[in-house]
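Heads up, the thing below is written out as structure tokens.
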Amino acid sequence: MAQPEYVVIRAQEDGVNVIGLTRGNDTKFHHTEKLDKGEVMIAQFTEHTSAMKIRGKAEIHSAHGIIESEAKK
Ligand code: TRP
């Protein structure tokens with residue numbers, strides 16, 4: 001990964017979880033970051049992180065545009 005992309009997550013409620021999943025043969029959670037409303041996390045995909053899971057209401061800004069995740073009902 002020469003130029004790993006940044007992903008920006010902006011929490012729209014308290015308690016949004018940004019969960020990093022491992023790269024490789026098994027895909028496991030390796031880090032959970034909790035964001036409160038208005039907090040922003042700027043993250044990259046790395047040698048260790050192949051995927052991210054966002055739980056809670058947030059705006060996710062990436063090369064694919066802006067995606068909104070929804071709060072659990
Ligand atoms: N140690 C992790 C890594 O280098 C840190 C990290 C990067 C991370 N991107 C992430 C953690 C996204 C959670 C979500 O891969």
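Just follow the structure's listing: the first ligand is 1, and inside any ligand the first atom is 1.
Residue contacts with ligand 1, taken as heavy atom pairs separated by less than 4.0 Å, involve Thr49 via backbone and side-chain atoms alike.
Those atoms of ligand 1 that come under 4.0 Å of a heavy atom in His30, given as number and element, are 2 (C), 11 (C). When each atom of ligand 1 is checked for a heavy atom of Gly20 under 4.0 Å away, the hits are 13 (C), 14 (C).
Between Ile19 and His31 there is no side-chain heavy-atom pair separated by less than 4.5 Å. Using a 4.5 Å cut-off on side-chain heavy atoms (C-beta onward), Ser69 and Ile60 make contact.
The single protein non-hydrogen atom nearest to atom 7 (C) of ligand 1 is Gln44 O, 3.6 Å, given as residue, atom name and distance. Considering only non-hydrogen protein atoms, atom 4 (O) of ligand 1 sits nearest to Thr46 OG1, 3.4 Å.
A donor-acceptor pair is defined here as one N or O able to donate and one able to accept, closer than 3.5 Å; no such pair exists between the side chain of Arg10 and the backbone of Glu59. A donor-acceptor contact shorter than 3.5 Å is absent between the side chain of Asp14 and the backbone of Asp36.
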**Q.** Stepwise side-chain contact (heavy atoms from CB on, under 4.5 Å) check, Lys57 with Glu68
**A.** CA-CA 7 Å; Lys57 186 169 167 54; Glu68 289 223 353; 3.7 Å; yes
Q) Checking side-chain contact (heavy atoms from CB on, under 4.5 Å) for the pair Val16/Arg55: CA distance, chi angles, key distance, verdict? A) CA-CA 6 Å; Val16 168; Arg55 191 178 265 159; over 6 Å; no
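Residue contact check for ligand 1: Glu33 places no non-hydrogen atom closer than 4.0 Å to it.
At a distance under 4.0 Å, a protein heavy atom can be found next to atom 15 (O) of ligand 1.
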